[in-house]
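Ligands are counted one by one from 1 in listed order, and the atoms in each one are counted from 1 as well.
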Amino acid sequence: MAAASQARRLRPDLEIIALERGNWTSYSACGIPYFVGGEVDTLEQLVARTPDTFREKYNIDVRLRHEATEIDLAGQRVLVRDLEAGMDVEFGFDQLMVGTGARPAFPQVPGVNQPWIRGVQTLDDADDLVQFARTISCKNVVVVGGGYIGLEMGEAFVNRGAHVTVIDGGPHVMHSFDADMAALITSAMEKFGIDVRSEVRVTGFDDGRVITSAGEFPADLVVLGTGVIPNSALASAAGIATGVRGAIKVDKRQLTSAEGVFSAGDCAESLHLVSGQMVHVALGTIANKQARVAGINIAGGQATFPGVLGTAVSKICSTEVARTGLTEREAAQCGFDAVATTITSSTRAGYYPGAAPITVKMITARSDHRILGAQIIGQEGAAKRIDIVATAITAKFTVDQLIDTDLSYAPPFSPVWDPVATAARVTLSEL
Ligand SMILES: Cc1cc2nc3c(=O)[nH]c(=O)nc-3n(C[C@H](O)[C@H](O)[C@H](O)COP(=O)(O)OP(=O)(O)OC[C@H]3O[C@@H](n4cnc5c(N)ncnc54)[C@H](O)[C@@H]3O)c2cc1C
């Protein structure tokens, strides 16, 4: 919908049709954990623009409950199942935008396809999940997968009064963080009452039990946070090239390998600005930016999307967590000779009410002092500081330049040296 509305702004004359197999448009999946946890009252609050708004204000012909089943590139048409009417229809196109998103990766183990085992990707999933949770006792909830969606869902079910266990097959939760920083997240979760089990492999689900390599866990409900897989089957069946993790290959204009076919969002690849490698990062921030670029190009403009840093923030059990660029582990994998520095400071001036701890880890290239990545964990006010580092990395700053950057200060907001600048100073000393 972001691509469609961007194209409409530039070209009032285009005929734009949007096909959505579900019941909603332009919704914030990011808000689902807060709906499940009860901080947000209704699903409607998560909808930025309704289908009627798109129809009336943007003149976009939105067709809900219409599932695209085939792309015919040679015939320039999309075959579609009208799920409401139960019939097949087709639409011709001059230009096509594929924004089919991603789907939860379900572990391939016995018993996974049972109603008490759920993934969360769309508002319809969230609606079903909450309705199901109301019909059962929901005493024990097991979250499988310790990424940010799994952990946010875990917190949501603690807020609903459940005992929550998070099971993750890796050495620690939040794989997009280094182990030392992830340990701070685990400790915050445990203080919140969540039972965290790392290096535990789920082998099956049976009769209200999650069967694992470390024994059985009782569960009234299982939420799967085992990552997502790009929904690229529709495009690849049409012969459109796919790349890393099966995501649709796109160039800087978001153009796929097929003429006149664009793609953006969770179904598409991105270039990592530090590693230079193609990656699949499923984030709403990236989806919106890529879609804006696709929309401009569809309208005949010239826009490019440079790439991503995987900048992400989350609030997990009252603790704010954030990351951007490469972790220490990723920097080593990419062949960088990197220095990693971790500092602990305060979110506000130490004497100011509400000052709380913040830990910043900064990863820097030894040779040219260029900042490669950072991770931040702390209390209220900590996480959004990651945007300073994301901006610095995008501008190819060295730590020296970050130290010299004229950042703001007053006691209610930070110490006189912002924790991010302190991390840069300590890094420079080490270098
Ligand atoms: C619980 C949760 C929390 C999240 N939190 C954050 C966050 O805090 N910050 C952040 O940046 N990102 C977050 N994300 C990720 C973010 O929601 C996604 O990156 C973003 O929604 C991707 O947008 P998209 O348009 O590519 O895909 P989607 O939003 O998934 O939209 C794709 C749409 O295509 C439809 N579709 C698929 N196939 C077809 C077909 N064949 N025919 C018709 N329609 C089809 C689907 O029904 C879906 O509505 C979160 C995601 C989840 C699930």
Is there a side-chain contact between Ile60 and Met1, using heavy atoms and a 4.5 Å cut-off?
-> yes
Are Arg197 and Asp168 close enough for a salt bridge, meaning some N to O gap below 4.0 Å?
-> no
Measure the acute angle between the ring planes of Phe54 and Tyr58, then classify it against the limits of 30° and 60° as parallel, tilted or perpendicular.
-> tilted
Which residue and non-hydrogen atom of the protein lie closest to atom 25 (O) of ligand 1, and at what distance in Å?
-> Gly99 O, 4.4 Å
Under 4.0 Å between a Lys/Arg side-chain N and an Asp/Glu carboxylate O for Asp180 and Lys361?
-> yes
Hey, which atoms in ligand 1 end up nearer than 4.0 Å to a heavy atom of Thr285?
-> 11 (O)
Polar contact flag for Glu67 and ligand 1 (N/O pairs, less than 3.5 Å) = no
Using the side chain to side chain contact (heavy atoms under 4.5 Å, CB included) rule, pick out the option among Glu67, Arg65, Arg63 that qualifies with Arg21.
-> Glu67
Do Tyr27 and Leu43 have side chains that get closer than 4.5 Å, going by heavy atoms?
-> no
May I ask you to establish whether Arg118 and Phe132 are in a cation-pi arrangement, using a distance under 6.0 Å from NZ or CZ to the six-membered ring centre and at most 45° from the ring axis?
-> yes
Does the N or O separation between Leu283 and ligand 1 drop below 3.5 Å for any pair?
-> yes
Does any N/O atom on Tyr148 come nearer than 3.5 Å to any N/O atom on ligand 1?
-> yes
With atoms numbered from 1 as shown, which atoms in ligand 1 lie under 4.0 angstrom from a non-hydrogen atom of Gly265?
-> 26 (O)
Among non-hydrogen protein atoms, atom 41 (N) of ligand 1 lies closest to Ala68 O, 3.0 Å
If you measure every N/O of Glu152 against every N/O of ligand 1, is any gap under 3.5 Å?
-> no
Around atom 37 (C) of ligand 1, find the nearest protein heavy atom and jot down its residue, atom name and distance.
-> Thr100 O, 3.3 Å
Between Tyr27 and ligand 1, is there a nitrogen or oxygen pair with a distance under 3.5 Å?
-> yes
Polar contact flag for Val313 and ligand 1 (N/O pairs, less than 3.5 Å) = no
Find all atoms of ligand 1 within a distance of less than 4.0 Å from any non-hydrogen atom belonging to Val120, and give their numbers and elements.
-> 53 (C)
Taking the side chain as C-beta and beyond, is there a heavy-atom pair between Asp266 and Asn231 under 4.5 Å?
-> no
Which residue and non-hydrogen atom of the protein lie closest to atom 18 (C) of ligand 1, and at what distance in Å?
-> Asp266 OD2, 3.3 Å
Phe217 and its side chain to side chain contact (heavy atoms under 4.5 Å, CB included) partner, picked from Ile211, Val222, Val202, Ile167 = Ile167
Close-contact set for ligand 1 against Ala282 heavy atoms, below 4.0 Å | 15 (C), 19 (O)
For atom 3 (C) of ligand 1, which candidate among Ala29, Gly147, Ala156 provides the closest heavy atom?
-> Ala29
Residue pair Ile376 / Thr359, side-chain heavy-atom distance below 4.5 Å = no
side-chain hydrogen bond (donor to acceptor under 3.5 Å, both in side chains) evaluation trace for Gln375 with Thr327 = CA-CA 8 Å; Gln375 296 150 66; Thr327 60; 5.2 Å; no
re atom 23 (O) of ligand 1, the protein heavy-atom contact at minimum distance is Ala287 CB, 3.6 Å
Contact check: Asn231 vs ligand 1, nitrogen or oxygen atoms, below 3.5 angstrom = no
Is there side-chain contact between Trp24 and Val47, with heavy atoms separated by less than 4.5 Å?
-> yes
How far is atom 12 (N) of ligand 1 from its nearest protein heavy atom, and which residue and atom is that?
-> Gly284 N, 3.0 Å
Report yes or no: does His66 have a heavy atom closer than 4.0 Å to ligand 1?
-> yes
Nearest heavy atom to atom 45 (C) of ligand 1: which of Arg21, Met1, Arg103 does it belong to?
-> Arg21
For atom 30 (O) of ligand 1, the closest protein heavy atom turns out to be Gly101 CA, 3.9 Å
Would you indicate whether the side-chain heavy atoms of Ile377 and Glu320 approach each other to under 4.5 Å?
-> no
Starting from atom 51 (C) of ligand 1, which protein heavy atom do you reach first, and at what distance in Å?
-> Ile149 CD1, 3.7 Å
